[in-house]
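Input: a single structure, listed below in structure tokens.
Lettering of chains follows the sequences in order, A, B, ..., and the numbering in each one begins at 1.
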Protein chains: 2
Amino acid sequence: MSYGLILSALADPTRRAIVEQLAREPKSVGELAHGFPVSRPAISQHLKVLNDAGVLAVTSQGARRVYRLDPKGMAELRQWLDSLWDTALAAFAAEAETMAKDNQRK
Amino acid sequence: MSYGLILSALADPTRRAIVEQLAREPKSVGELAHGFPVSRPAISQHLKVLNDAGVLAVTSQGARRVYRLDPKGMAELRQWLDSLWDTALAAFAAEAETMAKDNQRK
DNA sequence: TCAAACCGTAACTCATGACTTACGGTAAGC
DNA sequence: GCTTACCGTAAGTCATGAGTTACGGTTTGA
């Protein structure tokens, strides 16, 4: 039910790049901000959006906060995409069948 | 390479509802607009965004324009999600292995 | 040909969001 | 305790996008 948050979160290119980096290895906010042309607070806000969407996990290492990707969060998006995919294919097959019957009737 | 357009297109709730309806059966612009609390031009603009993203297919039936979902367009998004999923799981497994070695060394 | 239906686009308003600087709060090192 | 590093949040600016109304183009039926 929260794939809407995930989709709007992944709509931003910077947040997509953050997600792709965190998919490879966990990183702190400062490490992430160093690889982007935006300020550190901007990264922090992006991380908040991704965290609210449920695709991240945070662990505090002293003063540092290490973010990592949470596969469980992405599972909802995958599920929604798969169901959409299935209904589209089923509708396509049904339509093809009716068209075949119409041709046969002719 | 165009999953960015698809993601930003699917970030809007109205466009998601349009996609879900078109996944079940093809519809014209007027039929779609009838089921939404927004005007017909708004639906038309949403359809343009979805079409530019490559997830729709259009066929002209006289004055009507029938839109349907194009599974090939969604395939790119699925592919991106799957690759992200795989790298995340691989990184998670690698991290778990290093943690196991650290415990063993202790 | 005239009218009506169907649709796309232009122009505009208004809300949302991405970014900045500035500030406050917490943990480690001297 | 004091400084430094690290991070989150508040306030404000500016661009983008979703919505509207108005208009023009195309196709069908009378």
Side-chain angles (χ1 to χ4, degrees), chain A residues 2-22 24-70 73 77, chain B residues 2-22 24-70 73 77:
Chain A
S2 84
Y3 53 85
L5 286 175
I6 303 179
L7 280 169
S8 58
L10 295 179
D12 186 84
T14 302
R15 283 197 289 264
R16 275 201 305 274
I18 290 177
V19 164
E20 290 174 353
Q21 287 201 19
L22 293 185
R24 298 195 194 85
E25 59 176 348
K27 284 187 177 179
S28 70
V29 179
E31 290 173 338
L32 278 171
H34 199 270
F36 288 94
V38 296
S39 66
R40 183 197 51 77
I43 300 294
S44 209
Q45 293 169 4
H46 283 308
L47 288 172
K48 173 172 175 47
V49 172
L50 290 169
N51 194 29
D52 289 346
V55 297
L56 293 189
V58 205
T59 62
S60 287
Q61 284 186 6
R64 299 184 16 160
R65 312 200 68 187
V66 177
Y67 286 86
R68 70 195 69 231
L69 196 65
D70 183 15
L77 183 54
Chain B
S2 83
Y3 54 85
L5 286 175
I6 304 179
L7 280 169
S8 58
L10 295 179
D12 186 84
T14 302
R15 283 198 289 264
R16 276 200 304 274
I18 290 177
V19 163
E20 291 175 352
Q21 288 200 18
L22 293 184
R24 297 195 194 86
E25 57 177 351
K27 283 187 176 180
S28 70
V29 178
E31 290 173 337
L32 279 171
H34 197 68
F36 287 94
V38 297
S39 67
R40 182 197 53 77
I43 299 294
S44 210
Q45 292 170 5
H46 282 309
L47 288 172
K48 173 171 175 51
V49 172
L50 289 170
N51 194 28
D52 289 346
V55 298
L56 294 188
V58 205
T59 61
S60 287
Q61 286 187 5
R64 299 183 16 161
R65 312 201 68 188
V66 177
Y67 286 85
R68 71 195 68 230
L69 196 64
D70 184 15
L77 182 54

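Listed by chain and number, the residues in a salt bridge (Lys or Arg N to Asp or Glu O under 4.0 Å) with Arg65(B) amount to none (sequence neighbours excluded).
Remark: Leu50(A) CG to Leu10(A) CG distance equals 7.0 Å, nearest 0.5 Å. Within the model, atoms CG of Asn51(A) and CG of Asp70(A) stand 9.5 Å from one another, a figure rounded to the nearest 0.5 Å.
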Footprint string (nucleotides 10-20 of chain C, 5' to 3'): B base within contact, S backbone only, - free, heavy atoms under 4.0 Å: B-------SBB

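Protein atom CG of Asn51(B) is 10 Å distant from nucleotide atom P of dT9(C), rounded to whole Å.
Using a 4.0 Å heavy-atom distance criterion, Tyr67(A) is classed as a sugar-phosphate-only contact.
For residues 4-18 of chain B, no residue pair satisfies the salt bridge (Lys or Arg N to Asp or Glu O under 4.0 Å) rule, not counting sequence neighbours. For residues 45-60 of chain B, every residue pair satisfying the salt bridge (Lys or Arg N to Asp or Glu O under 4.0 Å) rule, not counting sequence neighbours, is listed here: Lys48(B)-Asp52(B).
Residues Val66(B) and Val58(B) form no side-chain contact, since every pair of their non-hydrogen atoms from C-beta on lies 4.5 Å or further apart.
First and last contacts of DNA chain D with chain B, using any nucleotide atom under 4.0 Å from a protein heavy atom and ordered 5' to 3', fall at dA18(D) to dT28(D).
Between the side chain of Glu31(B) and the backbone N or O of Ser28(B) there is at least one donor-acceptor pair closer than 3.5 Å.
Nearest heavy atoms, Val55(B) versus Leu69(B): O-CD1, 3.3 Å. Of all the heavy atoms in Leu47(A) and Leu32(A), the pair that sits closest is CD2-CD1, 4.0 Å. Across all non-hydrogen atoms, the minimal contact from Ala11(B) to Ser8(A) is CB-CA, 3.7 Å.
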Please tabulate, one pair per line, each protein N/O and nucleotide N/O from nucleotides 26-30 of chain C that are separated by under 3.5 Å, including the distance.
none

